[in-house]
Structure formats: C-alpha cells, structure tokens
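One structure below.
Remember, it's a predicted structure, so these values are computed and weren't measured experimentally.
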Amino acid sequence: MTQHRARKRFGQHFLTDPQAIDDILRAINASSDDHIVEIGPGQGALTNALAQRAGQLTLVELDRDLVARLQQRYVGHPHVTIVSGDALKVDFSALGSSLRIVGNLPYNISTPLLFHLSAALAHTTDMHFMLQKEVVDRICATPGNKQYGRLSVMLQCCFEPLALFDVGPAAFDPPPKVDSAVIRLTPRAQIAPITRTPLFERLVRDAFSQRRKTIRNTLRQHLSAEQIVAAGADPQARAETLDVGQFVQLTAAASAAPN
C-alpha cells in the first residue's frame with residue numbers, strides 16, 4: 001500500500017516517533033473494558049495498538065482516502081467502527097457512554113474542537129490529546145499567568161487538565177513548526193450547571209476581550225460595580241486574576257440581575 005501524503009488543508013502531521021507513540025499509549029492505558037474514540041487516526045500510529053487493547057474502538061476520520069485504508073485494514077474487526085466525517089460535526093454523545101477520547105488533533109481546529117467535545121462531557125471518562133504546546137499551556141494556566149484566558153476558564157470549569165509530556169517537531173512527518181504536548185482532560189466530579197449556559201460563555205468572552213481593562217469596564221453590560229462586589233470580586237481587577245469560581249459567581253449574579 002502506497003504511503004499517504006499529509007494534506008495541509010486537513011492540518012495533517014503524522015506521528016512517527018516510536019518513543020512518543022509508546023508514551024501516549026502508556027498514558028492512555030487502554031483495556032478490554034474501554035470504548036476508545038480516536039479522532040484523526042491518520043496512518044494508524046496509535047490505532048493498531050488501541051484496536052488490540054480496547055473492547056470497542058471508534059475511529060473518526062475526515063480524509064476519505066484514509067477512511068478507505070482504515071476500512072480495508074479493519075474489515076475483519078467487528079469491534080472497530082469507522083465514522084467518516086468532520087469531528088466538529090460529529091455528535092460524540094451519540095457514540096455511547098464512558099467514552100475515552102484520544103487523538104493527535106489538527107492544530108488548526110483544536111480549540112473549537114475542544115469546545116465541541118465538552119458538550120459530550122456526561123458521556124466521557126477522559127480525553128488524551130496531542131496539541132500545540134502553547135494550547136496545552138493555556139488550558140493548564142492558573143490565574144495571574146499571562147497565558148491564563150478564556151480557553152483556561154472554559155475548559156477548567158468542567159475538566160481537570162494535566163499536561164503529561166512535550167513532543168518535539170521531529171516526532172512528526174511532516175514536522176510542524178511548533179512544539180507539541182500531550183494533555184489529559186478528566187471531567188470534574190462537580191460541575192456548576194451555570195457554566196453550561198450561553199451566559200457563562202458570553203461573560204467569560206467579554207471579560208477577556210480587552211485584557212488590559214478592568215472587569216468593571218469589560219462586564220459593564222452584564223453587571224454594575226456594586227453587583228460585582230456583591231458577587232465577591234473586585235471591580236478594579238482584570239479578568240486574568242479571577243479564578244473559575246469567581247466567574248461562576250459573577251455569571252450567577254448576572255443571571256439574577258434584572259434586565
């Protein structure tokens with residue numbers, strides 16, 4: 001079978017380094033009890049091992065040429081299901097329960113894809129992803145860190161993120177122009193319901209829309225200075241200094257405020 005050339009429009013960078021592959025498989029630690037969902041299996045760097053270890057494996061692939069190869073490779077494996085389509089449009093909650101989602105995500109769609117996947121939170125046990133290192137740093141950043149922002153809050157409100165290890169460009173074909181990292185996202189046991197509302201998303205987005213301004217200014221369409229104080233925050237603070245709990249309290253206050 002001829003080698004598949006990476007396609008730039010799909011953001012393809014195929015993982016080829018044996019040590020990185022082994023490290024990821026160890027981190028996932030798949031078992032026969034698991035339903036693994038792999039996004040973008042590509043040339044199958046992780047897929048063959050996952051097919052051997054997982055009780056059920058669902059592969060989500062956009063590239064039709066790769067879909068055909070996967071169908072040919074796993075034709076005699078009834079526990080392997082192949083979904084041909086865009087991961088941004090797949091309803092992951094319809095794939096089952098207790099899903100373990102993994103993948104080397106295309107860097108050009110990683111952030112919207114992470115937000116999309118958070119909709120399947122109740123159906124997910126954990127997620128392991130290869131991402132651009134900068135994105136992993138932003139997801140894991142804490143208040144006061146310059147990398148702390150909207151992505152940090154929106155994912156930390158529902159996941160416990162853990163950066164596992166870095167992977168250099170040489171581990172891929174073709175090599176990306178950035179460093180990569182592997183992250184584990186585990187759904188939180190307790191999730192404030194208000195974080196799943198459009199208001200929470202709007203308030204967090206507005207708070208970080210102008211990072212140098214205070215929340216008194218960025219949130220003025222949601223709350224007055226007095227209401228911000230009543231919600232337990234300083235109106236003169238900047239968004240990057242607030243933790244997830246404070247954003248939850250501010251959203252609750254905005255939800256209760258008269259229009």
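- Shown here are the side chain to side chain contact (heavy atoms under 4.5 Å, CB included) partners of Ala68, two or more places apart in sequence or in another chain: there are none.
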Full working for salt bridge (Lys or Arg N to Asp or Glu O under 4.0 Å) between Arg211 and Glu240: CA-CA 7 Å; Arg211 295 181 68 98; Glu240 64 196 42; 3.3 Å; yes

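- Looking at residues two or more places apart in sequence or on another chain, you find a ring pair (Phe, Tyr, Trp, His ring centres under 6.0 Å) between His77 and Tyr74.
- In this structure, the side chain of Arg205 does not engage the main chain of Phe200 through any donor-acceptor pair within 3.5 Å.
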Step-by-step salt bridge (Lys or Arg N to Asp or Glu O under 4.0 Å) determination, Asp22 to Arg26: CA-CA 6 Å; Asp22 186 62; Arg26 287 177 181 273; 2.8 Å; yes

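- Remark: Pro169 pairs with Pro175, Pro176, Asp179 by the side chain to side chain contact (heavy atoms under 4.5 Å, CB included) rule, at least two apart or across chains.
- Considering only residues two or more places apart in sequence or on other chains, Ala230 meets the side chain to side chain contact (heavy atoms under 4.5 Å, CB included) condition with none of them.
- Between Arg150 and Glu201 there is a salt bridge, since at least one side-chain N of the basic residue sits less than 4.0 Å from a carboxylate O of the acidic one.
- When all heavy atoms of Met130 and Phe172 are compared, the closest pair comes out as CE-CZ, 3.7 Å.
- When Glu226, His222, Arg220 are each tested for a side-chain contact (heavy atoms from CB on, under 4.5 Å) with Ser224, only one passes: Glu226.
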Indicate every side-chain donor-acceptor pair of residues 244-254 with a distance under 3.5 Å to a residue at least two apart or in another chain.
from	atom 1	to	atom 2	distance (Å)
Gln246	OE1	Asp243	N	3.0
Thr251	OG1	Phe247	O	2.8

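- Partners of Asp137 under the side chain to side chain contact (heavy atoms under 4.5 Å, CB included) rule, at least two apart in sequence or in another chain, are Lys133, Gln147.
- Of the possible polar contacts, one joining the Arg188 side chain to the Phe159 backbone as a donor-acceptor pair under 3.5 Å is found.
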